[in-house]
Amino acid sequence: QPQLVESGGGLVQPGGFLRLSCAASGFAFGMSSMGWFRQAPGKERELVATIVSDGFNSEYADSVKGRFTISRDNDKNILNLQMNSLKSEDTAVYYCNTPWSTLDWGQGTQVTVSS
C-alpha cells in the first residue's frame with residue numbers, strides 16, 4: 001500500500017528557512033516523478049515543485065522559483081524541499097505526491113511563516 005509521510009514543518013520568521021521531507025513507501029518511488037503541493041487556509045491545493053524520477057530536472061511555480069529547491073534520494077525513498085527566504089504567503093500545509101496526485105494524500109506538514 002503506497003504511503004507518504006511528510007515532516008519538517010514548523011513556525012519560522014519571515015526570511016527564515018525550513019527543510020521538508022517526505023518518506024515514501026509501497027510504490028516504485030525511484031521510477032516516479034514527484035511533487036510538493038501546498039494548501040493555504042481557504043485556498044485550493046497548488047503544485048509548487050516537481051522533480052523527475054532521476055532527479056536531474058525540476059520545475060517550480062513562479063511564486064517559489066529561486067527560493068525553494070526540490071531534491072530526492074532514491075536510495076532512501078525520500079523527497080525533500082529546501083525552502084529559503086520564506087514569506088508569510090508560504091504559510092500552508094505542505095504535501096508530497098506524484099504531480100498528477102495519483103497517490104493517497106498523507107497528513108501533510110504545517111509551515112507557518114510569521115513574526
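The analysis underlying the following values was restricted to heavy atoms, covering all of them including side chains, and did not include hydrogens, waters or symmetry mates.
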Beyond-backbone contact of Trp36 with Cys22, side-chain heavy atoms, under 4.5 angstrom:
yes

Identify the two heavy atoms, one from Thr109 and one from Gly9, that lie closest to each other, and give their separation to 0.1 Å.
OG1-N, 2.9 Å

The reported gap from OG in Ser33 to CZ in Arg72 (rounded to nearest 0.5 angstrom) is 7.0 Å

Answer yes or no: is there a side-chain heavy-atom contact under 4.5 Å between Gln1 and Asp104?
yes

Considering the options Asn97, Asn74, Ile70, which one meets the side-chain contact (heavy atoms from CB on, under 4.5 Å) requirement together with Leu79?
Ile70

For Ser115 and Pro14, work out which heavy atoms get closest and say how close.
N-CD, 3.7 Å

Kindly confirm or rule out a cation-pi arrangement of Arg67 over Tyr60, judged by NZ or CZ under 6.0 Å from the six-membered ring centre and within 45° of its axis?
no

Once you measure the plane-to-plane angle for Phe37 and Trp105, does it fall in the parallel (<30°), tilted (30-60°) or perpendicular (>60°) bin?
perpendicular

Quick check on the hydrophobic clustering: are Met83 and Val93 connected, directly or via other members, by side-chain heavy-atom contacts under 4.5 Å?
no

Exactly one of Thr69, Leu81, Asn84, Asn80 should register a side-chain contact (heavy atoms from CB on, under 4.5 Å) with Arg19. Which one does?
Asn80

Give a yes or no on whether Val113 and Leu20 share a hydrophobic cluster (residues Ile, Leu, Val, Met, Phe, Trp, Tyr; joining criterion: side-chain heavy atoms under 4.5 Å apart).
yes

With rounding to the nearest 0.5 Å, note down the distance linking CD in Gln13 to OG in Ser114.
8.5 Å

Spell out, yes or no, whether Tyr95 and Leu86 are grouped together once hydrophobic residues are joined by side-chain heavy atoms under 4.5 Å, including indirect joins.
no

Value for CG (Asn77) from OG (Ser25), rounded to nearest 0.5 Å, stands at 7.5 Å

Taking the side chain from Glu6 and the backbone from Tyr94, do they hold a donor-acceptor pair closer than 3.5 Å?
no

Return the minimal non-hydrogen interatomic distance between Ser53 and Gly30, and the atom names on each side.
CB-O, 3.5 Å

Are there over 12 heavy-atom neighbours, none belonging to Gln110, within less than 6.0 Å of that residue's CD?
yes

Determine whether Phe29 and Ile78 fall in the same hydrophobic cluster, where Ile, Leu, Val, Met, Phe, Trp and Tyr are linked whenever their side-chain heavy atoms lie under 4.5 Å apart.
no

Kindly state each residue pair satisfying salt bridge (charged side-chain N to carboxylate O under 4.0 Å, His left out) with at least one member in residues 31-47, sequence neighbours excluded.
Arg38-Glu46, Arg38-Asp90

Over all atoms of both residues, closest heavy-atom pair of Gln3 and Phe27:
O-CE2, 4.4 Å

State the CH2-OG distance between Trp100 and Ser32, to the nearest 0.5 angstrom.
8.0 Å

Distance in Å, Thr50 OG1 paired with Met34 CE, rounded so as to fall on 0.5 Å steps
11.0 Å

Looking at every non-hydrogen atom in both residues, tell me the closest pair between Pro2 and Leu103 and how far apart they are.
CB-CD2, 3.9 Å

